[in-house]
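Throughout, a chain's letter reflects where its sequence line sits, starting with A, and its residues are numbered from 1. Quick note: numbers below take in every heavy atom, side chains included, and nothing from hydrogens, waters or symmetry partners.
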Amino acid sequence: MIKPLRGMKDLMFEDAERFVYTIKTAIEIAKRYGYSYIETPILEETALFKRSVGDSSDIVSKEMYQFEDKGGNDVCMRPEGTAGVVRAFVSNKLDRQPVKQKFYYYGPMFRYERPQKGRLREFHQFGCESFGEASVYEDFTMITMISQIFEALGIGFDLKINSLGCPECMPPYRENLVSFLTNIKEELCTDCNRRIDTNPIRVLDCKNEKCQSLLKESPKLTENLCETCQSDFQKLTALLDDAGIAYEVDTNLVRGLDYYNKTAFEFVSNEIGAQSAIAGGGRYDKLVEYLDGKPTPAVGFAIGIERIMELVKMPKKQKEGIYMGAMTPEAVEHLFPLAAKKRKETKVTVEYTPKGFKTHMKGADKAGARYALLIGEDELKNGTVWIKDLETKEEKTITLEAF
RNA sequence: GUAGGCGUAGUUCAGUUGGUAGAGCACCUGUUUGUGGCACAGGUUGUCGCGGGUUCGAGUCCCGUCGCCUACCCCA
């Protein structure tokens with residue numbers, strides 16, 4: 001028996017309904033904020049992710065489904081959504097137009113990791129990218145939108161925010177940090193020692209308790225921001241306060257992807273195991289340039305669908321449609337024209353096998369139908385059908401024509 | 001890659017100190033050839049993950065292997 005690959009799942013029945021409902025809800029809200037749908041390829045040139053997500057990131061350095069295609073191209077299944085959307089933004093020359101663009105997308109992402117709760121090799125994200133808006137108002141609006149999506153889905157969350165600075169204030173801070181870290185190098189874990197060279201900011205995010213206590217004295221990002229970054233961050237917190245959105249400033253919050261700057265945020269849930277991030281995002285003002293576009297400020301985020309699926313509160317399922325059955329073999333074919341007619345407006349389940357009355361009624365329940373329509377000997381003789389409303393229990397017998 | 005846990009019917013699991021498998025749910029049929037969701041009665045389903053070893057005999061013990069889950073790491 002062939003089974004799905006490790007970390008990949010089939011989705012059906014109740015789970016599939018939750019999935020569709022979740023995406024649908026997110027789309028509806030994103031549209032209200034002016035986002036339009038964008039679909040980009042799952043397979044992209046590997047260079048795209050190396051340049052955007054970053055060579056030193058775990059995602060690129062060890063988690064990509066990367067291979068050579070039959071034409072000898074170095075290609076890669078997308079490990080995240082932003083890079084592809086930015087690439088599309090640039091390759092379609094939208095960066096040359098002085099128009100702000102907002103896109104939403106959803107679809108599968110691939111990372112070759114060890115699966116665990118909330119982490120699959122093929123997983124799905126819903127995300128938004130906003131291009132051309134430099135104002136922190138947009139960061140705020142985006143966070144508001146995510147809150148609204150989670151609220152609509154009945155999901156509780158904690159919000160963490162941070163500022164990662166800009167090319168003006170980040171490099172000096174970075175040097176500062178590196179010298180601090182170098183001093184305590186011997187006491188830091190091996191991972192952190194590696195990170196000092198590759199991506200020192202990530203050290204701040206180390207989960208190791210020993211490292212964390214040593215880092216208490218470290219220079220803080222938020223205390224070393226330039227004037228603009230500082231005032232934007234303050235404005236963001238003020239806007240969130242006014243909007244009544246609870247948040248926590250987490251100076252150790254570092255996004256795992258290299259392209260972020262200024263605002264970074266993460267929505268977490270404490271109900272879903274160790275992989276608690278249910279949404280993450282932030283500003284990436286330099287990425288369009290990195291990918292050969294004209295300088296364009298941008299903000300974006302992504303929601304992990306699988307991570308929120310079990311938290312989604314679904315609306316109650318209603319009985320729906322009509323179950324049709326016959327009790328004699330001759331009557332079966334009378335069902336088809338009726339079904340064809342009703343399928344123009346509602347769900348119809350037709351049972352082809354003639355069965356006893358009781359069995360049909362059970363079948364109607366199982367199908368979740370609102371109405372049961374049966375044709376038996378009497379109905380066949382009289383040219384009528386028998387219909388029962390399974391909720392109100394009302395029943396009636398009417399002619400075929402009247403149906 | 002590392003660590004721990006687990007692999008027995010469609011599913012959730014039980015299986016005592018080794019004696020060739022069981023329960024609930026689900027499914028099918030019936031209890032009334034015409035009133036469902038309930039109840040009752042009956043019935044179907046297993047290479048006990050795979051391979052090897054010990055033994056008269058292994059679901060049970062030993063070794064190996066594969067798979068799943070959880071956690072580290074990292075992130076959505």
*Could you state the atom-to-atom distance from CG of A:Leu390 to P of B:rG36 in whole Å?*
11 Å

_I want to check something: taking the side chain as every heavy atom from C-beta on, are A:Phe403 and A:Leu338 in contact at a cut-off of under 4.5 Å?_
yes

Can you give me every donor-acceptor pair (side chain of residues 59-74 of chain A, partner residue at least two apart or in another chain, under 3.5 Å) with its distance?
{"unit_1": "A:Ser61", "atom_1": "OG", "unit_2": "A:Ser57", "atom_2": "O", "d": "2.8"}
{"unit_1": "A:Lys62", "atom_1": "NZ", "unit_2": "A:Asp58", "atom_2": "OD2", "d": "3.4"}
{"unit_1": "A:Gln66", "atom_1": "NE2", "unit_2": "A:Asp74", "atom_2": "OD1", "d": "3.0"}
{"unit_1": "A:Gln66", "atom_1": "NE2", "unit_2": "A:Asp74", "atom_2": "OD2", "d": "3.2"}
{"unit_1": "A:Asp69", "atom_1": "OD1", "unit_2": "A:Gly71", "atom_2": "N", "d": "2.8"}
{"unit_1": "A:Asp69", "atom_1": "OD1", "unit_2": "A:Gly72", "atom_2": "N", "d": "3.1"}
{"unit_1": "A:Asp69", "atom_1": "OD1", "unit_2": "A:Asn73", "atom_2": "N", "d": "2.9"}
{"unit_1": "A:Asp69", "atom_1": "OD1", "unit_2": "A:Asn73", "atom_2": "ND2", "d": "3.2"}
{"unit_1": "A:Asp69", "atom_1": "OD2", "unit_2": "A:Asn73", "atom_2": "ND2", "d": "3.0"}
{"unit_1": "A:Asp74", "atom_1": "OD1", "unit_2": "A:Thr46", "atom_2": "OG1", "d": "2.8"}

*Does the separation of the ring centres of A:Tyr104 and A:Tyr37 fall below 6.0 angstrom?*
yes

*Salt-bridge present (A:Arg18, A:Glu310; N to O < 4.0 Å)*: no

*asked:* Assess the residue pair A:Tyr173 and A:Leu225 against the criterion (side-chain contact (heavy atoms from CB on, under 4.5 Å)); give the C-alpha distance rounded to whole Å, side-chain angles, the decisive distance to 0.1 Å, and a yes or no.
replied: CA-CA 8 Å; A:Tyr173 167 74; A:Leu225 296 171; over 6 Å; no

_For RNA chain B, which residues of residues 20-53 of chain A approach it to below 4.0 angstrom with any heavy atom?_
none

*Between atom CD in A:Glu394 and atom C1' in B:rU35, what is the gap in whole Å?*
15 Å

*Return the set of residues passing side-chain hydrogen bond (donor to acceptor under 3.5 Å, both in side chains) with A:Gln101 (not counting sequence neighbours), or none when no residue passes.*
none

_Using atom C1' in both nucleotides, what's the gap between B:rG7 and B:rU29 to the nearest angstrom?_
34 Å

*Among all residues two or more places apart in sequence or in another chain, which pass the ring pair (Phe, Tyr, Trp, His ring centres under 6.0 Å) test with A:Phe265?*
none

_Whole-Å gap separating P (B:rA76) and CZ (A:Phe150)_ = 12 Å

*Among A:Gln125, A:Glu129, A:Arg87, which residue meets the side chain to side chain donor-acceptor pair (under 3.5 Å) test with A:Thr82?*
A:Glu129

*Using a strict 4.0 Å threshold on nitrogen-to-oxygen distance, state whether A:Lys262 and A:Asp285 make a salt bridge.*
no

*Grab the CG-C1' distance between A:Asp389 and B:rU35 for me, whole Å please.*
14 Å

Below 3.5 Å is the cut-off: list the nitrogen or oxygen pairs between protein and nucleotides 28-34 of chain B, distance only.
{"unit_1": "B:rC28", "atom_1": "OP2", "unit_2": "A:Lys366", "atom_2": "NZ", "d": "3.4"}
{"unit_1": "B:rU32", "atom_1": "N3", "unit_2": "A:Lys358", "atom_2": "NZ", "d": "3.2"}
{"unit_1": "B:rU32", "atom_1": "O4", "unit_2": "A:Lys358", "atom_2": "NZ", "d": "2.8"}
{"unit_1": "B:rG34", "atom_1": "O6", "unit_2": "A:Asp378", "atom_2": "N", "d": "3.4"}
{"unit_1": "B:rG34", "atom_1": "O6", "unit_2": "A:Asp378", "atom_2": "OD2", "d": "3.4"}
{"unit_1": "B:rG34", "atom_1": "O6", "unit_2": "A:Glu379", "atom_2": "OE1", "d": "3.1"}
{"unit_1": "B:rG34", "atom_1": "N1", "unit_2": "A:Glu379", "atom_2": "OE1", "d": "3.1"}
{"unit_1": "B:rG34", "atom_1": "N1", "unit_2": "A:Glu379", "atom_2": "OE2", "d": "2.9"}
{"unit_1": "B:rG34", "atom_1": "N2", "unit_2": "A:Glu379", "atom_2": "OE2", "d": "3.1"}

*Provide the full list of side-chain hydrogen bond (donor to acceptor under 3.5 Å, both in side chains) pairs with a residue in residues 237-253 of chain A, sequence neighbours left out, each pair given once.*
A:Gln212-A:Asn252, A:Asp241-A:Tyr247

_Watson-Crick and G-U pairing of RNA chain B written in dot-bracket, each distance under 3.5 angstrom, with | for inter-strand partners_ = (((((((..((((.....[..)))).(((((.......))))).....(((((..]....))))))))))))....

*Set of residues satisfying salt bridge (Lys or Arg N to Asp or Glu O under 4.0 Å) with respect to A:Glu28, sequence neighbours excluded*: A:Arg32

*Whole-Å distance between B:rA76 P and A:Tyr259 OH?*
7 Å

*In whole angstrom, what separates A:Gln125's CD from B:rA76's C1'?*
5 Å

*Between A:Phe123 and A:Phe110, does the ring centroid distance fall short of 6.0 Å?*
no

*Please report the C-alpha distance between A:Glu351 and A:His360 in whole Å, then the side-chain angles of each, then the deciding distance to 0.1 Å, and finally whether the side-chain hydrogen bond (donor to acceptor under 3.5 Å, both in side chains) criterion is met.*
CA-CA 8 Å; A:Glu351 173 56 57; A:His360 274 311; over 6 Å; no

*What distance, rounded to whole Å, do you find between the two P atoms, one in B:rG64 and one in B:rU2?*
15 Å

*Please walk me through it: do A:Ile322 and A:Lys347 pass side-chain contact (heavy atoms from CB on, under 4.5 Å)?*
CA-CA 6 Å; A:Ile322 309 173; A:Lys347 174 182 170 184; over 6 Å; no

*asked:* In whole Å, measure the gap between the C1' atoms of B:rU47 and B:rG51 for me.
replied: 13 Å

*Mind checking side-chain hydrogen bond (donor to acceptor under 3.5 Å, both in side chains) for A:Thr263 and listing every partner two or more places apart, or none if nothing turns up?*
A:Asp139

*May I have the distance from A:Glu395 (atom CD) to B:rG36 (atom P), rounded to whole angstrom?*
11 Å

*Rounded to whole angstrom, note down the C1' distance from B:rU54 over to B:rU60.*
14 Å

*Between the base of B:rA76 and the side chain of A:Arg119, is there a donor-acceptor distance below 3.5 Å?*
no

*What distance, rounded to whole Å, do you find between the two C1' atoms, one in B:rC62 and one in B:rU55?*
12 Å

*How about A:Phe267 and A:Phe150: are their ring centroids closer than 6.0 Å?*
yes

*asked:* Taking B:rA58 as the reference, what is the distance to B:rA71 when you measure between their P atoms (whole Å, please)?
replied: 39 Å

*asked:* Taking the side chain as everything from C-beta on, heavy atoms only, tell me whether A:Thr328 gets closer than 4.5 Å to A:Pro354.
replied: no

Can you give me the N/O atom pairs linking the protein to nucleotides 4-8 of chain B at distances under 3.5 Å, or say none if there are none?
none

_Mind checking if A:Asp58 touches a base, just sugar-phosphate, or nothing, with heavy atoms under 4.0 Å?_
sugar-phosphate

*Please state the P separation for the pair B:rU45 and B:rG10 - nearest whole angstrom.*
11 Å

_Check this for me, if you would: do A:Arg51 and A:Asp292 make a salt bridge, where the nitrogen-to-carboxylate-oxygen distance has to be below 4.0 angstrom?_
yes

*Taking 4.0 angstrom as the limit, do A:Arg119 and A:Glu113 come out as a salt bridge?*
yes

*Checking A:Glu133 side chain against A:Ser135 main chain: does a donor-acceptor pair fall under 3.5 Å?*
yes

_Work out how far the P atom of B:rU65 is from that of B:rA3, and round it to whole angstrom._
13 Å

Using nucleotides 64-70 of chain B, report all nitrogen or oxygen pairs with the protein that are shorter than 3.5 Å.
{"unit_1": "B:rC68", "atom_1": "OP2", "unit_2": "A:Arg6", "atom_2": "NE", "d": "2.8"}
{"unit_1": "B:rC68", "atom_1": "OP2", "unit_2": "A:Arg6", "atom_2": "NH2", "d": "2.8"}
{"unit_1": "B:rC69", "atom_1": "OP1", "unit_2": "A:Lys9", "atom_2": "NZ", "d": "3.0"}
{"unit_1": "B:rU70", "atom_1": "OP2", "unit_2": "A:Lys117", "atom_2": "N", "d": "2.9"}

_Residues within residues 296-321 of chain A bordering RNA chain B, heavy-atom distance below 4.0 Å_ = A:Ala302, A:Gly304, A:Arg307, A:Lys319

